[in-house]
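Each remark here refers to the structure printed beneath this line.
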Amino acid sequence: QVQLVESGGGLVQAGGSLRLSCAASGRASNMYNIGWFRQAPGKEREFVAAMRWGGVTTYYADSVKGRFTISRDNAKNTVYLQMNNLKPEDTANYYCAGRPYTSASYSQTGGYDYWGQGTQVTVSS
């Protein structure tokens with residue numbers, strides 16, 4: 001069993017920054033990939049960023065590439081999402097997710113078994 005808890009969301013003005021944290025507990029070693037997804041009201045959940053739990057390779061949605069950075073601290077079992085130059089369209093509930101090894105794409109929500117409760121990010125114009 002893996003538990004994921006997000007934090008760091010809030011209200012910021014356009015152009016501002018936030019850093020989200022996702023603390024993992026339980027059998028975190030079961031995770032092969034860790035990632036971030038988001039869902040805005042009236043929209044479907046979408047991929048934001050992901051990486052290997054035990055690696056350094058990162059993946060980003062085109063909409064956030066160059067602005068967001070995913071990283072992790074294995075010693076703390078924590079993954080981060082640094083969000084810079086935020087835009088109103090970034091407003092969403094952000095979810096941390098993890099998955100064991102799978103052939104599914106890292107950007108496919110169905111491949112992830114573990115999900116946090118989400119943290120709200122609101123960007124004002």
Side-chain angles (χ1 to χ4, degrees):
Q1 185 178 10
V2 175
Q3 298 82 44
L4 302 173
V5 180
E6 304 97 332
S7 63
L11 173 65
V12 298
Q13 292 184 317
S17 299
L18 284 174
R19 190 181 77 161
L20 306 183
S21 298
C22 173
S25 61
R27 294 181 59 84
S29 60
N30 287 350
M31 292 189 294
Y32 187 79
N33 291 111
I34 191 76
W36 291 92
F37 294 78
R38 66 186 183 185
Q39 186 168 22
K43 297 183 178 180
E44 64 183 17
R45 184 173 50 186
E46 65 178 356
F47 167 76
V48 176
M51 70 182 302
R52 288 269 306 278
W53 182 253
V56 296
T57 304
T58 58
Y59 311 90
Y60 298 95
D62 289 341
S63 59
V64 306
K65 192 172 297 183
R67 299 188 297 119
F68 291 10
T69 302
I70 186 172
S71 62
R72 56 94 179 93
D73 185 338
N74 284 1
K76 297 180 179 179
N77 282 339
T78 300
V79 62
Y80 305 96
L81 184 68
Q82 178 66 46
M83 305 184 294
N84 297 326
N85 192 24
L86 284 161
K87 304 176 180 180
E89 49 263 45
D90 294 319
T91 295
N93 201 6
Y94 283 71
Y95 297 90
C96 178
R99 68 178 188 178
Y101 177 80
T102 176
S103 60
S105 171
Y106 53 82
S107 64
Q108 188 174 357
T109 60
Y112 290 81
D113 292 337
Y114 314 111
W115 293 85
Q117 294 298 307
T119 184
Q120 180 66 37
V121 172
T122 302
V123 184
S124 62
S125 59

Say whether, by atom type as modelled, one donor and one acceptor occur between the side chain of E6 and the main chain of C96 under 3.5 angstrom.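 Yes; judged by distance alone, with no hydrogens or angles, the pair exists.
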Treating T122 as the side-chain partner and L11 as the backbone partner, does any N or O pair qualify as donor plus acceptor under 3.5 Å?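 No, because the side chain of T122 does not come within donor-acceptor range (under 3.5 Å) of the backbone of L11.
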Would you say that more than 12 heavy atoms from the other residues, nucleotides or ligands in this model lie under 6.0 Å from the CD of Q3, or not?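 It does: Q3 CD has more than 12 such atoms within range.
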Shared-cluster residues of V5, by chain and number - hydrophobic side chains joined below 4.5 Å: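 Members alongside V5: none; it stands by itself.
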Do [X] and [Y] come within less than 4.5 Å of each other through their side chains, counting heavy atoms only?
| X | Y | answer |
| --- | --- | --- |
| W115 | L4 | no |
| V2 | M31 | yes |
| D90 | R67 | yes |
| N77 | S25 | no |

Distance-only criterion, 3.5 Å: show the donor-acceptor pairs between side-chain atoms of residues 104-112 and protein atoms not counting sequence neighbours.
from : atom 1 : to   : atom 2 : distance (Å)
S105 : OG     : S107 : N      : 3.2
S105 : OG     : S107 : OG     : 3.0
Y112 : OH     : Y106 : O      : 2.5

Rounded to the nearest 0.5 Å, how far apart are OH of Y60 and OG1 of T58?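 One gets 4.0 Å once the value is rounded to the nearest 0.5 Å.
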State the CH2-OH distance between W36 and Y94, to the nearest 0.5 angstrom.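 Here the interatomic distance stands at 10.0 Å.
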When you group the ILVMFWY residues by side-chain heavy-atom contacts below 4.5 Å and let the links chain together, are I70 and F37 in the same group?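 F37 and I70: separate clusters.
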Distance only, no hydrogens: is a donor on one side chain within 3.5 Å (strictly under) of an acceptor on the other, for N33 and R99?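 N33 vs R99: donor-acceptor pair found between side chains.
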Can you give me every donor-acceptor pair (side chain of residues 12-22, partner residue at least two apart or in another chain, under 3.5 Å) with its distance?
from : atom 1 : to  : atom 2 : distance (Å)
S17  : OG     : N84 : OD1    : 2.9

Sequence-distant partners of K87, salt bridge (Lys or Arg N to Asp or Glu O under 4.0 Å), two or more places apart: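 In terms of salt bridge (Lys or Arg N to Asp or Glu O under 4.0 Å), with neighbours along the sequence ignored, K87 is linked to no residue.
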Given the rule in the side-chain hydrogen bond (donor to acceptor under 3.5 Å, both in side chains) test, do N93 and Y95 qualify, once you have shown the distances and angles that lead to the verdict? CA-CA 7 Å; N93 201 6; Y95 297 90; 2.9 Å; yes
Solution key, residues 40-55 side-chain donor-acceptor pairs under 3.5 Å, sequence neighbours excluded:
from : atom 1 : to  : atom 2 : distance (Å)
E46  : OE2    : R38 : NE     : 2.7
E46  : OE2    : R38 : NH2    : 3.2
R52  : NH1    : Y32 : OH     : 3.4

Report the residues that fulfil side chain to side chain contact (heavy atoms under 4.5 Å, CB included) with D73, sequence neighbours left out, ordered by chain and then residue number.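 So D73 forms a side chain to side chain contact (heavy atoms under 4.5 Å, CB included) with A75, K76, Y80.
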Ignoring hydrogens, what is the shortest heavy-atom contact between T119 and G8? Give both atom names and the distance.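 Looks like OG1-N, 4.1 Å.
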